[in-house]
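Since the structure comes first, as structure tokens, the remarks are kept for the end.
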Amino acid sequence: MATDKTGIVGLGLIGGSLGMALRRAGRRVKGLVHRREDAVYALSAGIADEIAAGEGDFGDCDSIIICTPLSLVREQVEKYAALYPRAVISDVGSVKGMLCGIKGRIVGGHPMAGTEKSGIRAAGERLLENAYYILTDYNGDESALAYMRELVTDAGAIPVVMSAEEHDKLVGKISHLVHMAAYSLVDSAMTGSEEIVGTGFLDTTRIASSSPEFWNTVAHLNRDNIVSDMDEYIKTLSALRGEIAAGRDITPFLSRAKAKRDSLLGRKKFMSEYILYADVPDCVGSIAGVLVKLTKEGISIENLTVVHSREGTGGALRLEFKDETDYNKAKEILS
């Protein structure tokens with residue numbers, strides 16, 4: 001476990017969570033924020049050991065991670081790479097091609113974690129735990145890449161190395177397209193006066209509560225991949241529409257899609273959410289009984305939601321777990 005110092009520029013959801021995780025691992029963290037109240041909170045919440053006086057105050061840092069809004073990341077990476085050529089410079093942006101061509105000890109980073117919430121007060125020390133954290137080597141600096149592997153591991157995440165092109169194609173399919181689809185579904189399906197909404201709709205569109213400004217930037221920076229993936233999605237949706245309109249049996253299509261989705265549960269590749277639904281009766285003590293069973297076995301419950309619509313879930317209690325071990329133990333107990 002390293003004891004060096006990491007500078008974090010921008011202590012929002014990801015930057016703040018990363019600061020907490022690194023400090024828990026024994027690393028020292030220097031953060032940069034613009035608002036005094038955020039600086040006070042960062043120190044009191046255990047996000048940073050100290051607050052930088054400005055951009056010129058990172059000379060004692062071995063690494064600097066840019067966690068600013070995505071639209072500013074390239075500019076910031078270029079600036080800090082020029083100011084601190086000895087330090088490893090990284091970021092947490094969800095598009096990696098935008099950093100190609102910058103000289104220096106640059107290793108792109110993208111933690112595959114987050115919520116629909118934002119800001120320093122949404123940060124949590126376990127947000128990155130067991131999440132895949134993609135690293136991109138731009139300039140062939142093996143020591144910088146090895147450094148970031150160790151940092152990511154210390155933060156509790158799982159480092160995965162791939163090229164910028166591979167990354168942007170991958171996240172275009174598994175993240176960027178999904179967000180565009182969620183926003184589109186909400187816009188087309190909701191009138192704004194709904195009093196009853198099914199669990200399936202809520203689960204499918206949860207990410208449409210994310211920042212519109214952020215996703216506008218993503219759509220601009222990864223435009224070619226997103227457009228290509230949207231074309232394929234529209235093609236598939238149009239074909240399904242035609243089958244339904246013609247009154248044909250769509251069971252083969254649905255079964256094929258179900259098999260693909262079910263296979264993800266076995267691989268858990270690039271997944272950091274572990275969710276179970278428990279079917280509990282509507283009576284006093286039923287939820288408490290489930291929680292007692294799980295906590296007696298030392299299982300950590302990250303989040304709990306009472307679901308009022310059981311459509312598509314088979315249960316009224318939604319439980320989220322921090323890792324696959326707890327998920328599997330809970331599944332065995334609740335079965």
Side-chain angles (χ1 to χ4, degrees), residues 2 4-25 27-96 98-100 102-111 113-114 118-125 127-128 133-136 138-139 141 144 147-148 150-152 154-155 157 211 213-214 217-218 221:
D4 61 2
K5 184 182 290 187
T6 296
I8 299 180
V9 180
L11 298 177
L13 170 67
I14 300 297
S17 298
L18 182 59
M20 285 179 170
L22 292 177
R23 290 191 72 243
R24 186 183 67 203
R27 290 177 179 259
R28 291 188 60 78
V29 173
K30 177 183 281 191
L32 179 63
V33 290
H34 295 297
R35 299 193 304 176
R36 185 179 182 278
E37 57 266 36
D38 289 344
V40 172
Y41 181 81
L43 295 173
S44 64
I47 290 172
D49 297 284
E50 55 186 304
I51 300 298
E55 294 175 350
D57 192 24
F58 288 95
D60 57 343
C61 291
D62 300 273
S63 58
I64 302 169
I65 302 179
I66 308 302
C67 302
T68 61
L70 187 61
S71 59
L72 303 176
V73 167
R74 182 179 173 92
E75 170 193 326
Q76 294 292 305
V77 168
E78 286 181 317
K79 179 188 297 182
Y80 281 89
L83 284 172
Y84 305 101
R86 182 185 66 84
V88 176
I89 310 296
S90 189
D91 74 311
V92 295
S94 58
V95 180
K96 300 270 64 80
M98 66 178 178
L99 298 183
C100 289
I102 303 177
K103 301 302 181 183
R105 305 190 70 199
I106 314 297
V107 179
H110 179 201
S118 60
I120 190 170
R121 284 160 183 78
E125 70 172 29
L127 181 69
L128 305 179
Y133 196 122
I134 297 174
L135 297 175
T136 299
Y138 295 96
N139 300 318
D141 190 328
Y147 176 95
M148 284 303 300
E150 184 180 357
L151 182 145
V152 166
D154 280 355
S211 165
E213 293 76 17
F214 171 80
T217 302
V218 169
L221 292 174

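Because only heavy atoms are used, hydrogens play no part in the values below, and waters and symmetry mates are left out as well, while side chains stay in.
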Query raised in the report: Atom CD in Glu75, atom CD1 in Ile66: separation rounded to 0.5 Å?
Result: 10.5 Å

Requested in this report: Working to the nearest 0.5 Å, report the span between CD of Glu78 and CD1 of Ile89.
Outcome: 12.0 Å

Requested in this report: May I have the step-by-step check of side-chain contact (heavy atoms from CB on, under 4.5 Å) for Lys96 and Ile134, ending in yes or no?
Outcome: CA-CA 10 Å; Lys96 300 270 64 80; Ile134 297 174; 5.5 Å; no

Report task. Start with the C-alpha distance between Leu32 and Ile51, add both sets of side-chain angles, then the distance that settles side-chain contact (heavy atoms from CB on, under 4.5 Å), and finish with yes or no. Result -> CA-CA 6 Å; Leu32 179 63; Ile51 300 298; 5.7 Å; no

**Report entry** Ile102 vs Arg74 side-chain heavy atoms within contact, under 4.5 Å
**Finding:** yes

Requested in this report: Have a look at Leu22 and tell me which of Ile47, Asp49, Leu151 forms a side-chain contact (heavy atoms from CB on, under 4.5 Å) with it.
Outcome: Leu151

Report task. State, with a plain yes or no, whether a side-chain heavy atom of Thr136 is found less than 4.5 Å away from one of His110. Result -> no

Requested in this report: Working to the nearest 0.5 Å, report the span between SG of Cys100 and CD1 of Ile106.
Outcome: 11.5 Å

Query raised in the report: So, Asp60 and Lys5, do they make that salt bridge, N to O below 4.0 Å?
Result: yes

Query raised in the report: Just how far is it from atom CG of Leu99 to atom CD of Gln76, taken to the nearest 0.5 Å?
Result: 12.0 Å

Report summary line: On a heavy-atom basis, the closest approach of Ala48 and Leu43 is O-CD2, 3.5 Å

Query - More than 12 heavy atoms from other groups under 6.0 Å of CZ on Arg36 - result: no

Query - Spacing of Leu72 atom CG and Asp91 atom CG [to the nearest 0.5 Å] - result: 12.0 Å

Could you list the donor-acceptor pairs under 3.5 angstrom formed by side chains in residues 6-20, with sequence neighbours left out?
from	atom 1	to	atom 2	distance (Å)
Thr6	OG1	Ser63	OG	3.0
Ser17	OG	Leu13	O	2.6
Ser17	OG	Gly124	N	3.0
Ser17	OG	Gly124	O	3.2

**Report entry** Charged N-O contact under 4.0 Å between Glu125 and Arg23
**Finding:** no

Requested in this report: Please collect all ring pair (Phe, Tyr, Trp, His ring centres under 6.0 Å) contacts where either partner lies in residues 30-79, sequence neighbours excluded, each pair once.
Outcome: Phe58-Tyr80

Report task. Decide yes or no on salt bridge (charged side-chain N to carboxylate O under 4.0 Å, His left out) for Glu50 and Arg28, but give the supporting numbers first. Result -> CA-CA 9 Å; Glu50 55 186 304; Arg28 291 188 60 78; 3.8 Å; yes

Report task. Measure across Ala21 and Ala155 and return the closest heavy-atom pair with its distance rounded to 0.1 Å. Result -> CB-O, 3.5 Å

Requested in this report: Using a 4.5 Å cut-off on heavy atoms from C-beta on, say whether the side chain of Arg86 contacts that of Asp62.
Outcome: yes

Query - Tyr147 vs Asp4, side-chain hydrogen bond (donor to acceptor under 3.5 Å, both in side chains): CA-CA, chis, key distance, verdict - result: CA-CA 11 Å; Tyr147 176 95; Asp4 61 2; 2.9 Å; yes

Query raised in the report: Is the shortest side-chain N to carboxylate O distance from Arg121 to Glu37 below 4.0 Å?
Result: no

Query raised in the report: Within the distance-only criterion (no hydrogens, no angle test), does the side chain of Arg105 pair as donor or acceptor with the backbone N or O of Pro85 below 3.5 angstrom?
Result: no

Requested in this report: For the pair Ser90 (side chain) and Val107 (backbone), establish whether a donor and an acceptor sit closer than 3.5 Å, ignoring hydrogens and angles.
Outcome: yes

Query raised in the report: Ion pair present between Arg27 and Asp154, side-chain N to carboxylate O less than 4.0 angstrom?
Result: yes

**Report entry** Audit row: Tyr84, Ile64, side-chain contact (heavy atoms from CB on, under 4.5 Å) steps and yes/no
**Finding:** CA-CA 9 Å; Tyr84 305 101; Ile64 302 169; 3.4 Å; yes

Query - Exercise: identify the closest heavy-atom pair between Leu135 and Gly109 - result: CD2-CA, 4.3 Å

Report summary line: When every non-hydrogen atom of Asp57 is compared with those of Ala52, the smallest separation belongs to OD2-CA, 3.4 Å

Report task. Kindly compute the distance separating CZ (Phe214) from OG (Ser94), expressed to the nearest 0.5 Å. Result -> 3.5 Å

